[in-house]
Each structure stands twice: as C-alpha cells, then as structure tokens.
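These values consider heavy atoms only, across backbone and side chains, with no hydrogens, waters or symmetry-generated copies. Numbers restart at 1 for each chain; the letters A, B, ... are given by sequence-line order, proteins then strands.
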Amino acid sequence: MRDQVSVYTNKLIADRSALAQGIAIAAQDDVLIAEGAPDLARLAGDVLSRLTCLGMVVACPSLPFADFLVARAPAGESCIVPHDTETRTFLHDIPFLRRSDLGADPAPLIARLLGSRKGVVVEGVGIVATGALTVEQAYINYSSVFHSTFVKYLQDVLHHGFILPGEAEAFAAFRSQWLRPLTHEGLAFRPGPLAERDEILDEIATVGRYTVERGLVDSFFGNISYRAGEVIYISQTAASLDSLAGCIDPVPTDNSSTFGITASSELLAHRRIYEATGAATILHGHPKFAVIMSMECAEEGCAITDCWKECDRVRFLGDTPVVAGEIGAGGLARRVPPAIAGPRKAVVYGHGVFTVGETDFADAFRAMVAVENWCRREYFRRLEERLG
Amino acid sequence: MLGWAGAILNIDLTSRTAWREDLSAELLHAYLGGRGLGVRLMRCFHTLDPFDPAMPLIFAAGPLCGTPAPTAARLTVVSRSPLTGTIYDCSAGGRFAWRLKGAGVDALRLSGRSETPVALVVTADGVEFVDVPELWGRTVPETVAALSGRGSVAAIGPAGENGVLFANIMMGEGNSVGRGGLGAVMGAKGLKAVVVNGDIPVAVADRERFDRARQDVMRLFRASPVIFGELGIAEYGTPALVDLMRQRRMAPTENFRHTVFEGSANYSGPAIRSAYQAKKDGCYGCPIQCKKSTPRGEHLPEYETVSHFGALNGIASLDAIVKSNTLCNELGMDTISAAATLSAWGEVRGRFPGGEEVQRLLADTAFRREDGELLSLGSRRAARALGRPELSMEVKGLELPAYDPRGAYGMALAYCTSNRGGCHLRAYPISHEILRKPVATDRFSFSGKARIIAIAEDTNAAIDSLVACKFSFFGATLEEYAELLSAATGIEYTPQSLKEIGRRICLTERFYNCANGFDVKDDCLPARFFAEPGSSGEGVDIPPIDRARFDEELQKYYRIRGLTPAGTFADPDFLLTQP
C-alpha cells in the first residue's frame with residue numbers, strides 16, 4: 001500500500017489541490033501506515049484507526065476557501081451545503097469543525113463526523129477524507145470536497161462579497177497566482193477520422209490526460225468517447241481521466257452486448273448526442289467556472305425550486321446553451337442533445353460542459369477551453385461589477 | 001418503538017402452539033433485524049444438528065420493511081445449513097416480508113416437527129395450523145396456487161420434502177431462499193408452507209428526513225450504470241453480466257476447467273430479451289425490477305443460473321437452460337448448487353450432461369431416485385463418494401457460483417472467508433473488482449484485499465440485517481441507508497455504527513462455525529485454482545492463483561478480525577461480551 005500512498009500524494013501535488021508540505025495519507029491493512037507531514041500523519045492515523053475504512057487523506061488545501069466558508073458560516077451551523085451536482089449526488093453536504101471545537105485531541109471528534117460522511121473540513125487543519133475500500137477513494141473524496149468548497153466559496157463571494165479580514169487579499173492572490181491561463185496551445189491531437197482500435201484507445205487516453213494536465217477537470221470528473229462506425233468507445237464509470245489505459249469500453253450502438261455495463265453513467269447521453277450531432281468525439285468535464293456560472297440564473301419569481309433537474313428553459317453563457325438535467329438515467333440525456341446540436345457545446349446546470357468534435361478531439365478540446373475561459377472572464381466581470 | 005414491531009412469534013410445530021414474545025429494544029438496536037437478528041436468536045441452538053426438531057428456522061424482517069425505503073421489502077431466513085454445517089442465512093424479496101411485518105412481528109421462529117404435513121397461516125390475529133396432506137409431493141407453483149388466497153406464501157417443493165441438501169424455500173412471487181438447503185430444514189419439520197397476511201402499517205419517525213434520504217438513494221440509482229444504465233440490471237436483469245464475465249475471461253466453464261465458453265452469447269441479457277420478450281419483474285415496491293419474466297409470467301433465470309446450467313455444463317441452448325431453471329423453481333432446488341453438482345458429477349464420469357439429460361437428472365435429484373440420490377447430497381459428498389473429491393468446486397461444501405476466482409483475487413479470498421461457504425454475496429468484491437463500484441480495484445492483486453474483504457463483509461452484514469438488496473449498493477451507500485434507518489426509527493445510526501453492527505454479526509457467525517469445528521482448513525479453495533490456469537487470451541492472462549500469496553492474505557484477514565492463525569477465537573467467552 002505504500003506505493004498507493006506515494007501515488008496519491010504526488011497526485012495531490014500535481015493537481016495543486018493541496019500544499020506540498022501539508023499532505024498526509026494513512027492506510028490500514030493488517031497494520032496501519034501513516035505517511036506525510038508528521039502532525040497530519042499522526043492525526044490521519046489516529047482518525048483512521050477509529051474507523052472501518054481502508055484509506056484516509058488529511059491535507060491542507062492550496063486555497064483557503066474551505067476555512068473561509070467555515071468562518072463565514074453563522075454560529076450554530078455545522079455543515080456546508082454546496083449545490084453543484086457532484087456534491088448533491090455523492091457528498092450531500094460537508095460537515096465542518098471550527099477551530100474552537102477541536103480541543104487537545106481532535107481525532108475522536110473528526111472520526112465521529114467521518115462516521116457519517118466521506119469528507120469533512122477541519123478549520124485550521126484542512127480537508128479530511130476517507131476511502132472505504134482504497135486510498136484512491138480517499139483521494140477522490142478529498143478532491144470532491146476541494147471542488148465543492150471551491151465552487152461554493154466563489155458563488156458566495158459573488159453573492160455576498162468579502163466579509164472576513166484578509167479575504168480580499170487571499171482572493172486576489174488566488175486570482176493572480178493560483179489560477180493559470182487555460183489554453184489548448186501546445187497540445188498535439190491525432191487528426192481524424194481514426195480507424196484503428198488501438199489508435200482510438202490511445203487517443204482517448206491521451207486527451208483524457210490533457211484535460212487534467214491543463215487544469216480543465218480534476219482527475220475523475222468527466223468522461224470521454226469516440227464513435228467509430230457502430231461502436232462507441234467510452235471511458236468507464238469512476239475512471240480517472242488522466243489514467244484511462246485499460247479503462248475504455250467499446251460499446252456496440254445496437255446494444256447487442258451488455259459488456260459496456262461498466263461504461264460511464266453518461267453512456268446514454270453520449271449515444272443521444274452522437275445521434276443528434278453526427279459528431280465523432282465527445283468530451284465531458286466539470287471545469288469549475290462553468291459549473292459556478294451555470295448555477296447563476298437571473299430569473300426572478302420562478303416557481304421552480306429544483307432548478308438542476310426541473311428547469312426546462314435553455315439559458316446561455318455567451319453563445320453556450322445551459323440546460324438542466326440529472327446525470328445517468330435522469331433528464332440530462334434528454335436535454336443536452338437538442339441543445340448541443342447547433343453550437344457543438346453545452347453546459348449542464350451545476351454539472352459541467354459537453355463539447356463535440358467532428359472527426360477528432362481537437363475541436364472538442366478547444367471548445368471546452370473556450371467555454372471555461374468565457375465563464376472565468378464572466379465570473380470576474382460580474383464580481384468586479386458587484387464589488388464596484 | 002418505531003421501525004420495529006418489537007415482537008417475535010414463536011411456533012412449536014410438535015405441539016402446534018404459538019406464542020408472541022417481546023424483543024427488547026437493546027437487542028433490536030444492536031442487531032437491526034434480518035440476518036443479524038436471526039443470527040443472534042441462534043445463540044443457544046447453533047450446535048444442534050440441522051435436522052434436529054429443536055433447530056429453529058427463523059424468518060426475520062428488518063426495520064425498513066414496511067416503509068417506502070427502496071429495495072427493503074425483504075426478509076432473511078436463518079438456521080444451520082444441512083449442506084455446509086455452517087450457520088446459514090439467505091435473504092429473499094417478494095411480498096412475504098411486508099406481510100409478515102404487517103402481522104405485527106419482526107420475526108417468526110419455527111421449531112419442532114409436525115407428524116403430518118402442515119401449513120401455517122399467520123395474521124395479526126394469530127396463527128392457524130392447517131393440515132395439508134394433499135399438498136405433500138406437490139410442486140411449488142401448485143402449493144402456492146392452493147394457498148395464495150390466504151396471503152403471501154413461502155413453500156417448499158418435493159426437494160425440501162425429500163431432504164435434498166440444497167433444497168430452497170420458495171416465495172410465492174418467484175423469489176427463493178436459496179443455496180444452503182433451508183428448504184430441507186423446513187421439510188424435516190413437516191412444514192409445507194407458511195402463509196402470512198398482515199396489513200398493520202409501519203410508522204416512520206421523521207417523514208421529511210426519510211423522503212429526503214429516499215430521494216438521495218434514487219438519485220444515486222439513476223447515476224449508476226449497473227442499476228439504471230441502458231445496459232444495466234434494470235434493463236437486462238443479472239444476465240447483463242454474461243457478456244462482461246466472458247470478456248473478463250472468468251466465466252466458469254466445464255466444472256471450472258476453463259474460464260471462457262464460446263456459446264455464452266446464446267444466453268446473454270440481450271439474447272434472453274430477444275428470445276423471450278422479457279419484461280421487467282421484481283420484488284414488491286422495488287424500483288429496480290431486476291428480475292425478468294416472459295409475458296406469460298414464467299420467471300427467467302438469473303446470471304448465476306444461466307452461466308452454470310450453460311457454461312459450467314457446456315450447454316449452449318438457452319431453451320434448455322430456461323427449462324432447467326423453471327424445473328428447479330418448481331421442485332424447490334437451488335440452481336447454482338444443482339448445476340455445479342451435475343457439473344462435478346459430469347467431470348467424474350468423463351461427460352457433462354446435455355440439456356434434456358439435465359432436466360431428467362434434476363427431477364431424479366428432487367425425488368432422490370437413481371443417480372439423483374447421490375446428486376441430492378451436493379457436489380462435495382457426491383465427488384467424495386465417487387472417489388474424486390478434488391473435482392468438487394466448493395468451499396465449506398457450498399458450490400461456487402459463476403465468478404471464477406482466478407479472475408478476481410478478492411473474490412477468491414471472499415469465497416473462503418465467507419461464513420456460509422463458497423458464496424459471492426458476503427463481501428461481494430465483484431462490485432469493485434469487476435463493476436467498479438464504489439471504486440475500482442485491481443482484480444489481479446491481493447494488495448489490501450484482506451482489509452477490503454473484512455470491511456465489505458461488515459457492510460454487507462449490516463445491509464442483510466436492514467434487510468436491503470445488495471444491488472442498491474451499486475449506487476447508494478450506507479450513508480443514505482443510515483439516514484433512512486435513522487429517519488424511520490428515530491434512533492441515530494451512521495455508516496460507521498452500521499459497520500460495527502455488521503462486524504459483530506460476522507464474528508458471531510464465525511464463532512458459531514468454530515464451535516462446530518470450522519477453522520483455517522475450511523477457508524480454502526479447491527486445489528484446481530492453485531494448480532491450473534484459466535483460459536487466457538485476448539490480452540488477458542488467467543494464471544493459477546499464487547497459493548503462498550493467498551495464504552499470506554488469509555492470515556492478514558485473521559489478524560484484522562482478531563483471530564488466531566488457525567482462524568479461531570482466542571477468547572472462548574467471545575459471545576458473552578456481545579449484546
């Protein structure tokens with residue numbers, strides 16, 4: 001398991017979600033392993049040994065947003081409730097502990113909260129996340145909480161501005177130092193159409209890796225496919241986009257085989273998008289600013305409360321349509337195809353971006369970068385407008 | 001008490017008496033219901049012979065039964081298996097659990113032996129003992145038809161009456177209490193059927209919280225390709241796994257001599273749908289409806305059944321497989337053990353039985369005539385009697401289902417640590433090793449698997465005690481089910497507390513088994529899997545399992561469980577420390 005600890009420590013550093021010197025990972029087989037920053041490693045081991053779980057990540061996020069959310073929360077509140085799809089579906093909410101709650105030995109308290117949830121925020125310490133069966137699962141849950149708190153904080157700032165001392169300065173540093181220009185420049189895409197199976201599999205894996213390396217999506221947030229004749233090659237459910245080798249299912253379009261039961265939950269959406277667009281490639285990811293902006297609706301007096309699944313309107317972020325729809329067997333597969341057919345790109349409320357390419361992934365990748373860049377610019381334009 | 005009825009109905013078939021007894025809140029909170037409650041109630045009986053009249057046969061519902069919790073209208077039947085000698089439980093759906101809970105009890109505990117064939121009718125008003133000599137010898141559908149006007153029926157067929165060691169108890173709606181031969185335990189009591197017909201509603205402590213948790217579960221079902229995906233089990237039933245197991249090269253073929261069967265496409269999910277116009281069917285109130293049936297209502301076989309009546313015996317005819325499944329259901333026999341016993345017997349004699357021959361042999365088995373007398377004892381006893389014990393593919397006497405352990409090492413370990421023998425449903429590592437839920441693990445690695453198996457056993461013991469369907473957990477997790485349980489009962493449960501309950505149940509079962517002589521020697525796969533490769537090809541290598549590595553991981557499992565290197569308990573008073 002030590003190799004797993006090393007792999008996911010490096011991933012946390014590479015994806016810049018945690019501070020390099022503030023990461024600890026614990027795992028227990030017949031013995032407990034806890035490695036990383038000494039204080040955090042001790043805490044990770046103490047917490048994990050109290051739980052029926054295999055893995056744990058304790059890390060200090062590279063951005064102070066989770067701590068700000070805790071500090072901004074009214075007295076008496078004990079959890080953060082982001083409204084993006086990933087949180088709503090898989091995390092529900094994120095409990096937190098205030099610095100004043102911790103005492104001399106916070107491990108029992110943290111363990112008690114983690115007995116109910118996959119991840120928690122501990123003010124002044126960081127994000128603590130469990131993996132019931134694997135270290136990777138703990139990494140995924142850490143990453144999910146990081147993503148959720150990022151989205152939630154930026155939404156809150158847009159609506160309510162800065163409240164705490166030091167917030168504005170930290171936010172400015174985030175904008176000038178943490179955020180990097182998002183671009184497709186310098187990437188090599190195989191020109192399509194692609195005919196050979198091995199070529200297709202390799203290109204899907206390559207482009208999946210690009211999305212993570214360029215900061216478009218966090219490791220496992222998204223899916224990708226290529227249609228060649230009567231077969232859709234699609235990434236598997238719960239597959240990391242930067243590690244897709246061996247995790248791509250060839251699914252016959254006539255459903256003559258159920259071998260693709262392990263394919264992404266968005267298989268149906270991809271199938272319908274191909275039918276609606278005639279495209280050859282689909283790229284789907286959850287870039288953060290697109291997720292944030294998709295939830296910013298100016299409609300007033302609307303009777304719909306479950307906007308994320310019930311809204312039947314098509315809104316626009318620039319020239320990109322936004323539709324509602326649940327993932328998997330929900331309405332997403334029904335609402336995205338007609339919306340994406342013309343503009344070749346679409347955003348799903350609180351969820352992420354779909355783009356298509358006519359013969360290869362170059363167009364799809366460029367379009368996703370463009371959508372996210374537009375949303376990023378628009379976010380800061382609106383923020384500046386709000387802050388005056 | 002909310003969630004639970006707080007009572008058990010005891011029935012002595014010898015004296016034909018029945019009495020209700022309160023169940024303490026502490027006991028119910030600590031064991032939940034279903035498997036956990038049944039196992040706890042076996043504490044004073046677990047060393048009795050399975051056919052001893054004093055041996056209880058316990059039907060236990062769970063605290064979510066009777067509520068709209070998804071997939072929770074199930075119950076568990078618990079006793080000691082005549083096939084394996086282990087403590088034994090099996091959960092089943094249908095309407096029976098709902099009607100039992102509606103009679104105002106959490107569990108039925110049957111003991112004694114009726115001199116003449118009898119059926120029980122249980123309502124909220126009491127118990128009626130109905131003499132049914134005319135039903136003895138009748139098939140399950142005939143018995144259900146005769147009694148269904150009185151409520152939901154659980155019945156045995158000729159196999160249970162005749163003591164076939166893998167006889168099932170069959171629910172009237174087509175579900176089965178399968179594998180371990182509890183139908184034979186019921187038959188030994190002279191009990192042909194139990195009919196339940198209660199309608200007392202189950203109150204929920206916090207309806208708003210319950211509804212919110214239910215919506216969370218349904219959202220996760222919709223996000224799960226295995227459940228509601230267009231190639232998932234809601235569409236194709238569990239035969240959706242046929243193509244996947246073929247592709248993973250882990251479909252047991254010809255008594256596990258090979259792991260690919262070229263004819264498997266004949267009985268894949270799409271093939272069954274096309275050939276039989278399969279429609280959705282399933283347990284009462286279940287949103288998944290994973291069972292499939294013909295337009296005439298004939299139940300179509302599950303994955304393990306098609307694979308074992310197919311590949312394991314080298315049979316490619318879907319029609320023959322469906323007939324074998326129907327025959328087992330009518331006679332009240334477990335399809336996995338029946339097919340696996342035929343396969344072992346086939347390898348011993350040098351020829352696997354063909355489709356029609358299988359059907360004749362199944363009938364002979366249920367009535368214990370000619371070759372069926374030996375086959376009725378299961379593969380372990382049959383192979384031993386024929387002088388080829390190594391050809392029985394089982395663990396602790398329970399025949400292995402249709403997941404070749406050479407293709408998934410967690411599955412290999414889980415078969416052996418399972419307290420009820422060679423069963424895929426205890427730790428259910430197929431979920432993560434093959435179906436990638438909740439997260440993918442490397443199927444060809446033992447790394448971490450001992451801990452993963454122990455955690456999964458605990459989790460599934462809690463699920464079996466709720467009693468919920470394991471298929472729910474291809475999408476949902478204990479987080480959502482703990483919410484449902486807390487909302488239903490008003491008692492705060494968490495995933496962690498549920499897993500701790502599950503651990504208590506697993507260890508109690510293990511303690512019972514140890515008291516009956518089980519130890520490390522019984523936690524092992526047949527030698528074939530350590531010596532012979534599977535069917536490598538198409539870029540997938542299926543070598544024999546590394547025995548030393550397997551043993552190392554098994555010892556890790558013992559350490560994690562706090563057991564001795566022999567797989568036993570250092571503390572003989574372990575049970576006394578439990579609630």
Could you check which of A/S264, A/G115, A/G330, A/S256 has the highest count of heavy-atom pairs closer than 4.5 Å to chain B?
A/G115
With no hydrogens and no angle check, is any side-chain donor or acceptor of B/R436 less than 3.5 Å from a backbone partner on A/T237?
yes
Roughly how far apart are B/H432 NE2 and A/Q137 CD, rounded to 0.5 Å?
9.5 Å
Are A/S265 and B/R222 close enough that some pair of their side-chain heavy atoms sits under 4.5 Å apart?
no
Select one option (side chain, backbone, both, neither) describing which atoms of B/Y236 are under 4.5 Å from chain A's heavy atoms.
side chain
Approximate separation, where rounding is to 0.5 Å, of A/H92 NE2 and B/R219 CZ:
7.5 Å
Would you check, one step at a time, whether the test side-chain hydrogen bond (donor to acceptor under 3.5 Å, both in side chains) holds for A/S116 with B/Q496?
CA-CA 7 Å; A/S116 299; B/Q496 177 63 22; over 6 Å; no
Segment of A/T52 engaging chain B (4.5 angstrom heavy-atom cut-off):
both
Chain B contact via A/V31 - side chain, backbone, both or neither, heavy atoms under 4.5 Å:
neither
When you compare the side chain of B/P270 with that of A/N255, does any pair of heavy atoms fall below 4.5 Å?
no
Okay, A/R117 and chain B: the region with an atom under 4.5 Å from a heavy atom over there is both
Do the non-hydrogen side-chain atoms of B/M245 and A/F259 ever get within less than 4.5 Å of each other?
no
At a heavy-atom separation under 4.5 Å, does B/R212 approach chain A through its side chain, its backbone, both, or neither?
neither
Of the backbone (N, CA, C, O) and the side chain (C-beta and beyond), which part of B/I434 lies under 4.5 Å from a heavy atom of chain A, both, or neither?
backbone
Distance, nearest 0.5 Å, that separates OG1 of A/T134 from CG of B/D442
11.5 Å
With a 4.0 Å cut-off, would you call A/D30 and B/R451 a salt bridge?
no
When only pairs under 4.5 Å are counted, which of A/Q4, A/R50, A/Q236 shares the most heavy-atom pairs with chain B?
A/Q236
Identify which part of A/A263 has an atom lying under 4.5 Å from any heavy atom of chain B, answering side chain, backbone, both or neither.
backbone
Proximal to chain A - members of residues 474-486 of chain B, heavy-atom separation under 4.5 Å
B/T477, B/E479, B/E480
Please look at B/E553 and chain A and tell me whether the side chain, the backbone, both or neither of the residue comes under 4.5 angstrom of a heavy atom of that chain.
side chain
Options A/M1, A/K118, A/E136, ranked by heavy-atom pairs under 4.5 Å with chain B, top entry
A/K118
Is the shortest heavy-atom distance from the side chain of B/I452 to the side chain of A/D29 under 4.5 Å?
no
Distance check, rounded to the nearest 0.5 Å: A/Q28 atom CD versus B/I455 atom CD1?
6.5 Å
For A/T258 and B/A240, indicate whether the former's side chain and the latter's backbone hold a donor-acceptor pair under 3.5 Å.
yes
Can you tell which part of A/E266 gets under 4.5 Å to a heavy atom of chain B, answering side chain, backbone, both or neither?
neither
To the closest 0.5 Å, what do you measure between CD1 (A/I261) and CD1 (B/I233)?
7.0 Å
Would you call B/E230 and A/L267 a side-chain contact if the rule is heavy atoms closer than 4.5 Å?
yes
Which residues in residues 259-269 of chain B have any heavy atom closer than 4.5 Å to a heavy atom of chain A?
none
Among A/G55, A/A27, A/G328, A/G131, which has the most heavy-atom pairs under 4.5 Å with chain B?
A/G328
